[in-house]
Structure formats: C-alpha cells, structure tokens
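A, B, ... follow the sequence lines: proteins, then strands. Residue 1 opens every chain.
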Amino acid sequence: MAEIYDIVIAGAGPGGLAAGIYGSRSRLKTIILQKGRPGGQAATTEDLENYPGFGRGTTGPALMQAMADHAESFGTEIIRDEVIDVELDGEIKKLKTKSGKEYQAKIVILALGAEPRTLNIKGENKFRGKGVSYCATCDADFFEELDVVVVGNGDAAVEEAMYLTKFAESVTIIVIHDEGILDCNKVSAEKAMANPKIKWVWSSILEEVKGDGLVETILIKNIKTGEITEMPINGVFFFVGTLPKTELVKGKVELNEQGYIVTNEQMETSVPGVYAVGDCRVKYLRQVVTAASDGAIAAVAAEKYLAEEEGFKEQVLSAEEPVMVAFWAPQIEESITALSELEKWLEDSGHGIKLVKIDTYRNQRLVKRYAVDKIPTVLLFHKGELLSKLSGAFSPGELQGQMEIAGA
Amino acid sequence: MIEVNKTNFKEEVLKAKGLVMVDFWSPSCGPCKELMPDVHQLAEKYAGQAKFCSLDTTGNKRLAISQKVLGLPTIAFYKDGSKVAELTTEITIDEVEAKLNELK
Ligand SMILES: Cc1cc2nc3c(=O)[nH]c(=O)nc-3n(C[C@H](O)[C@H](O)[C@H](O)COP(=O)(O)OP(=O)(O)OC[C@H]3O[C@@H](n4cnc5c(N)ncnc54)[C@H](O)[C@@H]3O)c2cc1C
C-alpha cells in the first residue's frame, strides 16, 4: 500500500513552508507538493523589508530560500509536482498530481496562495511579455532608460513602482482616486510622493494598451471629465490585487463569494482534517508574516486533531467492549451532575461498560460529527458502530434501554 | 542546451536551418527558474529533433528587445531563422511541448 503521510501541504509559499517547519518539527511525516520552485509570490518581489527580524536589504527570493531550507532541515520533503485533483472527504485524503502520482494523507493543508488579477483591458493580454507585466523583478531590467506605468495603488503597486525607479527612466502611477488618495500604507505613500522619478496621474483608469509588436502607447481615461489621453510608453505593470488559486477545491471546501477558503481561527476548513493557510483564505491582511503565522497555527491544530482522532479511535471505535461516550461541559451544571450519576450507575450496574467523557468545549469536532445539540448527551458505541444516542437529561431507565441495545 | 548571447545569436539562431527553440530567462526571474528544469528535460527528450538554446537576457537586453521579447519567461520558436511562434509569461511545460510537436 502507498505510504500515508501525516500531513500533505499543497503549495510552498510562506504559508506552506511555515506549516512544514511546524509539522516536521513535531515529528509528523510532512511533505509539500509545489508546482515549480518554492517561495510563492514572496519570491517574486525584490524588496521585502517588513518580515520581522529581516530589515533593509532583505530580498523576497533570499527570504523564501531560507524558509525552504529551514523546512527541509527539519525533515519536510518538498516535492516538485502540481496538485491537479483532491479527494478530501473521509479519513484518508488523496491528492493527485500532474506527474500521475497519488499522495495519501491524514491531514491536508491548502497553501495555494494567489495570483495577480488581470483587468482584461483592451490590449492587456495581447501585449503580455511585450511590455505588459505582472512581475517587476522578472522584467524590470528590460526597462532601463525607458518609461513605464504602474496600474494600481495598493501596497504592492506603490512598492513595486519604487523598485522600478531603480531601472526605468520614469514610472507613472495611474490612480483611480482623487489626487493624494492612495490605498497603500502611509510610509510607502510618503516615500513614493518624494521620489522624483515617480509621476502621478490621478482620477484615471487605463483604457487601452496599443502598439505594434511591442507596447508603444496607452490610452488613459480621466473618470471625472471623461477625457482620454494617449501617452507614449514602453511598459505597463499591473498590480491590481490578486485572486485566490482555489479552483482546485471549488465545491470541496467552503469558499466565500470571491473564492477565498473559509476557515476558523484554527485554520480548519469546512472539511475535517483539511486546513487552509495564507493568501488563499478569507482574512484581513495578506502578507508573508500572516501567511507564516497561519501555517504555524494549522500545523499545531493538525497535530492536536491527529492526537484526538487517534485517541478517540483507540478508546472508542476500536474498543472490544461497549463504550458510552458522554458529552459534557464545565459551564453546564446539570451535565456535571448527570455525568457523576452516570459514572455511579455504570459502576453499580456491573455491565463492564467503558465510559469516555468528552468536554464539548474542547472538542467541537466530535460535537459536530455526532450532531450533539444538547448537553449532556450520551452515545453508545460497540465495535466501532454508533448504536444509540440519548440527548439531554437521561434516566436510569433510558440507560438500561441503551444497555439492552448493546446486548450487554 | 546551447547558451546564446549577443555575439552568437545570429549564427546559432537566425542563420540556423530548421527548428530552433530559444528560452529567454534571467537570474532575477523566479517563474523562469521554475520552468527551467522542465525546459532542459524537454531539450534532452527531443534532442536531435530541434536545436535548443538558452538566452540570459541580462547583458543581452537589446538583443531580446530586437526579438520583440520584453517580458519573461518567453520561449520563442524559429524556423530557418524567422520567428514562427512564441509563448510568454504564464507558460506551462505542456504548452511548450505541444508547440514543439506542432512545429517539428
Ligand atoms: C508583487 C508583490 C509584492 C509583495 N510584497 C510583499 C512585501 O513586501 N511584504 C509582505 O509581507 N508580503 C508581500 N507580498 C504578499 C506576499 O507575497 C503574500 O502574502 C504571500 O506570499 C502569501 O503566501 P502564501 O503561502 O499564502 O501563498 P503564495 O506565496 O502565493 O504561494 C503559494 C504557492 O502554492 C503553489 N501552488 C498553487 N497551486 C498549486 C497546486 N495546485 N499544486 C502545487 N502547488 C501549487 C504556487 O505555485 C505557490 O508557490 C507581495 C506580493 C506581491 C505579488
């Protein structure tokens, strides 16, 4: 039989790599499947100076190489392969890859990241690689002594524009907002405003990219006056946000309207044993530091999940004798009383039945799985099978009835 | 793969008979380096059926622009010295292989 990994991570950006570090460090058998080189989007930006502890002069590719080395040093295996299909239901998850392999795992961590959004402006697609670019580090040096525009005004747009000034003769940023208003952070805004190579076109959008073989001009539309101006230009860089790469898991885990994966604070998705981290999930701030943080949380939550699942299996599902599983909660007085009565009753009855107590506050997963909607609740298992469920208060008579079902 | 640059591009590509594939890349281009191992594998697989060249655009910027390449990665196909096809920016190795099979 094929090897079953504890954790298989899809994607080796900062989110996936951090999950790898935490996973393999707690001795879980962890692999990362990564299409192409590790590093993700963070490896496509030269100036990456806000990761704590790594200040001025840190580059994206160097930081990501360090993260990949770090993960491998703890035993994470990074395999170059693209995940093309996933089966996430059930205890053992399956991931099919482009090279035709199938990987099996108890836990899947989706660290799929995001990709640049395109605007589908006239000429945008036609001039890809001909002056239209989504990656400053890839293409900046083509534009030495040439003129470029940047479309967008968030953090990435303004920061990449500043990087481009190291190469280009001039960098014009086209901003949809009124003069002086930018979506990026204040520090970057101030720096960019003070940069003599950066020019601004306010209240405007890019209308069309034109040229003959290579980009030659663009049409810019002022959204207030409706006026269209043609501007000679050599390069057009788009930084207008990103889209999650979640096509792969559509219909398999819950996504929001924009296609981001919905998780809780433990990074759990709607499917047990499946976690999502980094830019592909619904969150407030999409940065390297938050992707790494998500990765750490997911791996630790996954470790706990595995321990709990294994514990439940051992104590309940694979037990020889019938097992009563009692759900209680420390803040529900009557569940505490009911539990001690139950313990006493079991002892007196001499049925030889095992009791397993579940604190619902700590183990929401079992609560959900067995649809426990009242506390206390008692489930009776025998040989891995759920035989009966008593919700709410239970009387000795009802318990006796449960015993009879179990044939005890 | 043959390394081409501004001094030998004419000889190796533009004056070459038959099919030539040129991989335009640069060390600062992450996606290029992602693709590169696959491109090299492809070159081995199809050795003898086409000529495979690799062009680092650093220091060869004018040459790249003369070939209308202004974005990386770009993979261009030449037949008897003239460009017949090109794949650029978001390239998968499958697309490259398909194009190669179509042209060879
Ligand atoms: C231009 C730019 C500049 C930025 N600058 C900064 C900055 O200065 N500071 C900062 O903190 N953040 C910055 N960011 C944001 C930061 O890069 C992201 O928040 C971070 O990389 C997200 O990490 P991630 O692990 O979630 O996803 P990603 O980095 O997107 O990595 C996901 C990985 O998964 C792989 N993958 C996807 N699908 C599959 C599949 N099916 N099979 C196998 N592998 C797959 C991808 O190839 C990719 O390598 C910048 C982003 C951009 C685009």
Report the donor-acceptor contacts between chain A and chain B below 3.5 Å as a table, one pair per row.
unit_1, atom_1, unit_2, atom_2, d
R80(A), NH1, E34(B), O, 3.3
R80(A), NH2, E34(B), O, 3.2
R80(A), NH2, D38(B), OD2, 3.3
K98(A), NZ, D94(B), OD2, 3.2
G129(A), O, L70(B), N, 2.9
G129(A), O, G71(B), N, 3.1
K130(A), NZ, K68(B), O, 2.6
K130(A), NZ, E86(B), OE1, 2.3
K130(A), NZ, E86(B), OE2, 3.1
T137(A), O, S28(B), OG, 3.1
D139(A), OD1, L72(B), N, 2.7
E144(A), OE1, K61(B), NZ, 3.4

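Side-chain contact between F127(A) and L70(B) is absent, with no heavy atoms from C-beta onward closer than 4.5 Å. Residues I65(B) and L214(A) form a side-chain contact, since some pair of their non-hydrogen atoms from C-beta on lies under 4.5 Å apart.
Counting heavy-atom pairs under 4.5 Å between each of G60(A), G131(A), A140(A) and chain B puts G131(A) at the top.
Taking each heavy atom of A64(B) and F142(A) in turn, the nearest pair found is CB-CE2, 3.7 Å.
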